[in-house]
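I have a structure here, written as structure tokens, and I will follow up with some questions on it.
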Protein chains: 4
Amino acid sequence: MPISRQTGAKRRRWERRKASRPEEIVAAALELFVERGFSATRLDEVARRAGVSKGTLYLYFESKEALFRAVLLNVALPILEQAEKRVADHEGSARELVQQLVLDWWGMIGETRISGIPKLMVAEASNFPELARFFVDNVVRRGRRIFTRVIERGIAAGEFRPCNARYAARVLMAPMVFAAIWQHSLSPFDADTYDVSDYLDLHLDVFVRGLSVARSD
Amino acid sequence: MPISRQTGAKRRRWERRKASRPEEIVAAALELFVERGFSATRLDEVARRAGVSKGTLYLYFESKEALFRAVLLNVALPILEQAEKRVADHEGSARELVQQLVLDWWGMIGETRISGIPKLMVAEASNFPELARFFVDNVVRRGRRIFTRVIERGIAAGEFRPCNARYAARVLMAPMVFAAIWQHSLSPFDADTYDVSDYLDLHLDVFVRGLSVARSD
Amino acid sequence: MPISRQTGAKRRRWERRKASRPEEIVAAALELFVERGFSATRLDEVARRAGVSKGTLYLYFESKEALFRAVLLNVALPILEQAEKRVADHEGSARELVQQLVLDWWGMIGETRISGIPKLMVAEASNFPELARFFVDNVVRRGRRIFTRVIERGIAAGEFRPCNARYAARVLMAPMVFAAIWQHSLSPFDADTYDVSDYLDLHLDVFVRGLSVARSD
Amino acid sequence: MPISRQTGAKRRRWERRKASRPEEIVAAALELFVERGFSATRLDEVARRAGVSKGTLYLYFESKEALFRAVLLNVALPILEQAEKRVADHEGSARELVQQLVLDWWGMIGETRISGIPKLMVAEASNFPELARFFVDNVVRRGRRIFTRVIERGIAAGEFRPCNARYAARVLMAPMVFAAIWQHSLSPFDADTYDVSDYLDLHLDVFVRGLSVARSD
DNA sequence: TATGAATGAGACTTCATTCAT
DNA sequence: AATGAATGAAGTCTCATTCAT
């Protein structure tokens, strides 16, 4: 009876197997963990949303916590790494690069379901210390390094004023990550709607100008 | 890890401590809700940390959810409003004002235990929709209005470039709020330590420069 | 603040002590035990209805169960015994006596708050075996003996047909006791109202005729 | 004290017993509710007596109160209605009919575990007002109507003296229902044992004689 | 004597996990 | 491989009882 849950028409039998079970489960779990938090999501719901029975979850994941790990390590991390790679490959002036990085990040993460990960990690960090550490080391700091390097390059090239590039990278990233978190938490309750692209554009404009060496443009 | 708990000597089993009980309970609850999230904190622990028995909680709060509301509405909100008031009273140039606002906010909220509230609300918003809406309306948007007004004033005074002040306010606030969230979530797992004051100083410097009208300094 | 609970006007200070505390408590307990049953009545309510604090209950009764015993032994029993005495003193023909007994019982018990006792004992018997045994021995069987004796007298006098007087006593008493139980349980939910006096009159008429020796009247 | 419990050998920890579960649970609950009252019976015990775990109860009944409703509505009511039907089908003289009705009632209800229902309802009526009303409307009054009709028929046929048939029905039923209540409450503590059949025979004899038109037999 | 805040055992209920089918 | 009925540990909440005041 739980065959539903497909955007379009009724699912035909053979389609059942199209997407592999573990992926469906992980996708459902990601959505729910992001929405409600780890403790508050019941495996019952994960199973229902994935279109499987509760028992089936245990064929693929040995515990709720293991499912959480799988969501982060097997799903989020690869995507993040792939995004990181593409982001790291950009070329051009530091100014352009900074803008590219942010916009690419948003395009590849912020607008996708992966954007829930930051909220999830923020919420559950202290309940899953090892995961938190792993996430920080393998995602956060690596991302930070990319942004840091670009700013350092800009400083070296005389585009940006000399400053602490690590801190500047944080300042650059914060509004971007915050937008992702906001989107998955309080945004639905906020009567002041806003357009994230415009917001990021303004942020980039202000940031680049603010960091650039004085000019009379 | 919080050492406080018992003011002085060992506690007698039967003790009547007049008016302070509810506050102690709410303080303990705030800490734990922020640390672990609402679902994952056990009332047992709240009681233990507050130095009372489990039953005592129900003398003052009719349910776990009511305790959550009390934490937000009776404790966090008044502090936030008071901070808002003080913040709104500043005078001076827009540039100075922007810096004052951010630094005051950090001094009054970011460095205190109240800074856990943003993380808490972000994590629990979808589980407590009415509270989320209330929080957004009475805290977030009000704060945003203050920052927006200052930027509008700066634009009107010719200090800042014409731009969408609402968006600029968001850009200004994001790194500040993000720092608070970070502090209560992934920061402890981050090997790259940083000094928040320096970070905010850089943010302010970049932001103010970036928003100011062109100059040749 | 719990001074209220008086049928008439506001209670004046000195009245406070008019009725002794234990009696007020027992009266409140009787009402609530009858209405809700022993387990389902909270001492909180007993205290409130008696106009005292919860702690005060323990000055007079060492436990909830002890209060239950007091209700039965110290309150109900004396009244029942007194009723029994008055009932036992009647004289006249057996026929008249039978009618007197029933009507007196109703006047002294059925119409008073004591009528809740049968319902209470019926409901709680198996939870309080010793009390049940005590009640049966000291109230039920004694009452039965009185009725039995009257019927035996009637048989001896030739008024009633020879029959098992003990059983006849049960048959005679059942509608009377049942009326009391009904009054405190399902009667409030019964759309078919009835007049207990008429009911008992009919019962007595039928019973006396049915037990009398054949006649041609 | 009830010995039944396990049909056969020792139970394996994991056992799937198809459709019978809910009925077993309801049967156990009926016994315990009757014996101890609703509040005083622990779900622990219900589960143990039904041979299931505590959690299993919630597979079939969403709360303790729902279980109570199921006991009454799904179990007791059908049996009562079936009994009513069979009882209503009898034919013969009013005198015979009266006797048949009472004896059939006893055979189908009084001697079975269903006889606990009257005690249970009497004890819990005020705690479950809707159920009480439902029970009175659908069981008590319907039963009363059957008995009333028979007596009216007897009056019309000249067998019984003219009288208020409704009241006579109550008088007729009271000893019968009372016997059921007694059986499940104080009877075990009553040293005066008695034979219910003989008691009912005497009741019927007295009642029918008492209600019949005068004769010289 | 009287209070009522405080306690903690124990109740109802949930839900991650198991396993017969 | 898949199911879902069954489990029981653990959580929230109640309330009889205690005792400092």
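Naming convention: chains lettered A, B, ... in sequence-line order (proteins, then strands); numbering from 1 in each chain.
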Protein-to-nucleotide contact annotation, 5' to 3' order, nucleotides 11-16 of chain F [B base; S sugar-phosphate only; - none; under 4.0 Å, heavy atom] = SBBBSB
Donor-acceptor contact below 3.5 Å, side chain A:K119 vs main chain A:V34 = yes
Which nucleotide in E:dT3, F:dA6, F:dT3 has an atom nearest any side-chain atom of C:R21 | E:dT3
Spacing between C:F68 atom CZ and F:dT17 atom P, to the nearest angstrom |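 It works out to 14 Å between those atoms.
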Minimal non-hydrogen separation, D:F61 against D:A66, with atom names =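 Looking at all heavy atoms of both residues, the closest pair is CD2-O, 4.4 Å.
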Are A:E45 and A:R42 close enough for a salt bridge, meaning some N to O gap below 4.0 Å?
->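 A salt bridge is present here (some side-chain N lies under 4.0 Å from a carboxylate O).
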Passing option when C:F128 is tested against C:F135, C:F134, C:F68 for ring-ring contact (aromatic ring centres under 6.0 Å, His included) | C:F68
Which ranges of DNA chain F pair up as stems, where a stem means three or more consecutive Watson-Crick or G-U pairs with both distances under 3.5 Å?
->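 As far as DNA chain F goes, consecutive pairing (with distances under 3.5 Å) yields the stems E:2-21 with F:2-21.
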What is the distance from CD of A:E24 to C1' of F:dA2, rounded to the nearest Å?
->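 That distance rounds to 13 Å.
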Under 3.5 Å, is there a donor-acceptor pair between the side chain of A:T41 and the main chain of A:R36?
-> no
Identify the two heavy atoms, one from D:S63 and one from D:Y58, that lie closest to each other, and give their separation to 0.1 Å.
-> CA-CE2, 4.0 Å
If you look at every strand shown and take non-hydrogen atoms under 4.0 Å, does D:F61 touch a base, only sugar-phosphate, or nothing?
->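 Since no nucleic acid heavy atom lies under 4.0 Å of D:F61, the category is nothing.
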For D:R48 and E:dC12, give me the distance from atom CZ to atom C1', rounded to whole Å.
-> 15 Å
Distance from D:T56 atom OG1 to D:E24 atom CD, nearest 0.5 Å?
->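 One finds 11.0 Å between OG1 of D:T56 and CD of D:E24.
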Rounded to the nearest 0.5 Å, how far does CG of A:L120 lie from CZ of A:F38?
-> 9.5 Å
Take atom CG of C:L57 and atom C1' of E:dT3, then tell me their distance rounded to the nearest Å.
-> 11 Å
Rounded distance in Å - CG (D:L59) to P (E:dT14) | 12 Å
